[in-house]
Amino acid sequence: MALQIYSTLTRRKENLVTLNSGKVRMYVCGPTVYDRAHIGHAMSSIVFDVIRRYLEYRGFEVQHVMNYTDVDDKVIRRARILSFEPLKLAEKYIDEYDQHLKDLNILEPTVRPRASEEIPAIIERVEELVAKGFAYSVDGDVFFEVSRDPNYGKLSGRHLDDMQAGVRIEVDERKRSPADFALWKSAKPGEPSWESPWGLGRPGWHIECSAMSARHLGDEIDIHGGGNDLIFPHHENEIAQTESLTDRAFARYWVHNGMMQLGGEAMSKSTGNVLSIEEFLEMHEADVLRLLVLNSHYRSPLSFNDEITEAAKRGLDRIKGALKPAIPGDDDSSRHPSKPLTDKASQDFIQAMDDDFNTPRALSAIYELVRGINQARDAGASQQELGVAQDKLREIAGVLGLRLTGPRGLESQASGLVELLLEIREELRESEHWALADRIRDRLSEQGVMLEDGKQGTIWHFDGQVG
RNA sequence: GGCGACGUAGCCAAGUGGUAAGGCAGGGGUCUGCAAAACCCUUAUCGCGGGUUCGAUUCCCGCCGUCGCCUCCA
């Protein structure tokens, strides 16, 4: 069974056939950096990170480009409010986002271009569109003429006629049609601007992605991705611009993730209805966010709330729990072979992910493996046998980008003391001094040191950590 | 108004033309001095009404409800 990807363009799952066999060129629209990023941005980055990781797991070499939009109305507006240099402000948020990517265990994209650093390529692109008659300039602005593209609307399923009725926004009178969009904007005083054939100005939003995609990946790519709020007009316009010039399909697969909602509403700055990545990571480890994102399908909208966060946290603990070592002393390998278990998990995992990256189903395979491991441990499997399955668990969880680690570093320093307390407690238990023994357990638990009494003695680990 | 998506147990969430994965929470057990963890058992007539079919949660139509986009947005 081949790997299938749902493409917004055809509204179907398609077999993945790349331009160059064994290689995937993927462009993902990154954030406009005018403010702190929220967990919705994180969701998008996590989704495409998992797609990338899985493609690599399946043997593809992935070129992953993610852009930062750093020249934009919103950046300029916000910079003015904060009395900041627009590009400096953007840079600050880019640095922040780069850090978020690391914190969230997102593989570094192959290239992270920013609009401000790609101006020549963008101008070249606009010039070409003007030269070929797809765009026109007016007073230093350049617009793409939508009516020149007979296929306009094919991605979003919109028709120009339908849309005109709905346009309530003030239309720029100089445009030949309200749907025409800016490729180049003339600069107002104080705005970041660059020399161009049309005077000082800056690129429009849509053209930057097309130009950067073409520059870093070529005129044709395999996957173009982003949030589904970008389908119209952004990606529609990108298709128009690019395909008018190349006459070939810009991207083979258009992949869009669903929006994350907060409290049942779209996350929106205006209502203060946002949770920043930073705020989330102050409360929970990155794996929690990843797990809650992956628990639903990437194309579905996801309502973020405390309940699903708590569920993800517990689910994560459960997965980590499977990595606990075998019970010492019990050692009957022959009765608990791990191979059938790991084979099944592998197979289910791949089958799920091959089906348009069905991570909920993939997680289900992971949980089945978790249960299998725990059953084997309870039944007395040896560490050697258990380790095989645990390695498989780490492997496929790793494909989803889960770290499955906890706070480390303290362990070696603390272990001596903890061991000492355990020894004392063991003697207390032997002499049935339960109250004192329980007090040690309770107080250690408050410090994040969790004790588990078993037949073979007591084992301990830090809260949330296994291993 | 236009385009699109969704509606599955208390919550989250897969999925199939032949009576439904997984997780969280709940209930009952096993284990334990107690607990924790783990394991076992247990909780769904798949929004409503029609239609197609031997048979639909799954296909079609209508309705109701929720949401996204149509303007900057991952």
Side-chain angles (χ1 to χ4, degrees), chain A residues 8 11 28-32 34-35 37-48 66 69 72-75 77 153 156-159 161-170 179 205 225-234 236 256-261 264-269 291-292 294-297 299-303 305 307-319 321-322 324 327 348 352 355 358-368 370-371 373-379 429 432-435 437-438 441-442 445 450-455 458-459 461 466:
Chain A
T8 307
R11 301 189 187 283
V28 181
C29 289
T32 300
Y34 72 104
D35 205 345
H38 56 65
I39 52 176
H41 297 110
M43 172 181 174
S44 193
S45 287
I46 288 169
V47 162
F48 286 99
M66 187 203 79
T69 298
D72 164 272
D73 290 346
K74 281 202 285 196
V75 176
R77 198 180 316 136
S156 58
R158 279 157 220 269
H159 306 286
D161 310 337
D162 296 337
M163 286 189 299
Q164 290 178 9
V167 170
R168 285 175 206 151
I169 292 302
E170 201 177 321
W205 177 37
N228 70 11
D229 54 340
L230 299 181
I231 294 172
F232 189 90
H234 187 53
E236 193 71 71
H256 294 101
N257 64 276
M259 293 291 99
M260 183 181 274
Q261 331 234 199
E265 294 170 42
M267 270 198 255
S268 149
K269 296 287 313 174
L291 196 61
L292 82 83
L294 266 26
N295 187 46
S296 67
H297 190 84
R299 280 191 277 118
S300 302
L302 172 55
S303 286
N305 58 48
E307 256 186 299
I308 68 165
T309 306
E310 188 57 26
K313 187 178 175 326
R314 305 226 182 172
L316 182 63
D317 282 344
R318 180 168 165 75
I319 297 170
K324 284 189 281 199
I327 301 163
D348 289 350
D355 182 11
N358 193 327
T359 54
R361 226 164 84 206
L363 283 175
S364 151
I366 284 180
Y367 285 116
E368 301 268 16
V370 164
R371 186 189 303 124
I373 290 170
N374 289 334
Q375 281 170 335
R377 185 193 298 103
D378 281 2
R429 293 179 70 211
E432 303 197 356
H433 287 85
W434 305 126
D438 287 354
R441 184 175 63 199
D442 293 345
S445 157
M450 314 308 285
L451 306 190
E452 294 180 22
D453 297 326
K455 277 196 178 131
T458 302
I459 58 173
H461 61 88
V466 162

| query | Does A/Leu302 offer a backbone N or O that forms a donor-acceptor pair with the side chain of A/Gln261 under 3.5 Å? | reply |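 Not confirmed, A/Gln261 side chain does not pair with A/Leu302 backbone.
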| field | Heavy-atom donor-acceptor pair, A/Asn374 side chain to A/Arg377 backbone, under 3.5 Å | value |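 Checking the backbone N and O of A/Arg377 against the side chain of A/Asn374, no donor-acceptor pair under 3.5 Å is found.
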Counting any heavy atom closer than 4.0 Å, what does [X] reach on the DNA or RNA strands: base, sugar-phosphate only, or nothing?
X	answer
A/Gly30	sugar-phosphate
A/Asp348	nothing
A/Ser445	nothing
A/Glu310	nothing
A/Gly226	sugar-phosphate

| field | From CZ (A/Arg361) to NE2 (A/His297), nearest 0.5 Å | value |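 Here the rounded value is 10.5 Å.
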Quick one: which of [options] gets closest to the side chain of [X]?
X	options	result
A/Lys74	B/A74, B/G22, B/C72	B/C72
A/Asn257	B/C69, B/A74, B/G33	B/A74
A/Asp72	B/A74, B/A21, B/C72	B/C72

| Residues two or more places apart in sequence or in another chain: which of them pass side-chain contact (heavy atoms from CB on, under 4.5 Å) with A/Val28? |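 Checked A/Val28 against side-chain contact (heavy atoms from CB on, under 4.5 Å); matches are A/Met26, A/Phe48, A/His64.
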| request: Mind running side-chain hydrogen bond (donor to acceptor under 3.5 Å, both in side chains) on A/Thr32 and A/Asp72 for me, showing each step along the way? | output: CA-CA 8 Å; A/Thr32 300; A/Asp72 164 272; 4.8 Å; no
| field | Cation-pi check, A/Arg158 onto A/Phe232 ring (under 6.0 Å, within 45° of axis) | value |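 Positive - A/Arg158 is close enough to the ring of A/Phe232 and near enough to its axis.
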Can you name the atoms? Protein N/O to nucleotides 9-12 of chain B N/O, anything below 3.5 Å, with the distance.
| from | atom 1 | to | atom 2 | distance (Å) |
| --- | --- | --- | --- | --- |
| B/C12 | O2' | A/Asn295 | ND2 | 3.3 |

Taking only N/O atoms, report every protein-nucleotides 35-38 of chain B pair under 3.5 Å with atom names and distance.
| from | atom 1 | to | atom 2 | distance (Å) |
| --- | --- | --- | --- | --- |
| B/A35 | N6 | A/Asp453 | N | 3.4 |
| B/A35 | N6 | A/Asp453 | O | 3.0 |
| B/A35 | N1 | A/Asp453 | N | 3.3 |
| B/A35 | N3 | A/Arg441 | NH1 | 2.9 |
| B/A37 | O2' | A/Lys324 | NZ | 2.6 |
| B/A38 | O3' | A/Asn374 | ND2 | 3.0 |
| B/A38 | O2' | A/Asp378 | OD1 | 3.2 |
| B/A38 | O2' | A/Asp378 | OD2 | 2.6 |

| A/Thr32 side-chain N/O to B/A74 phosphate OP1/OP2 under 4.0 Å |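 So the side chain of A/Thr32 is within the cut-off, an N or O lying under 4.0 Å from OP1 or OP2 of B/A74.
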| field | Distance-only donor-acceptor test, A/Asp438 side-chain atoms vs B/G33 base atoms, 3.5 Å | value |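 Flag set: donor-acceptor pair detected.
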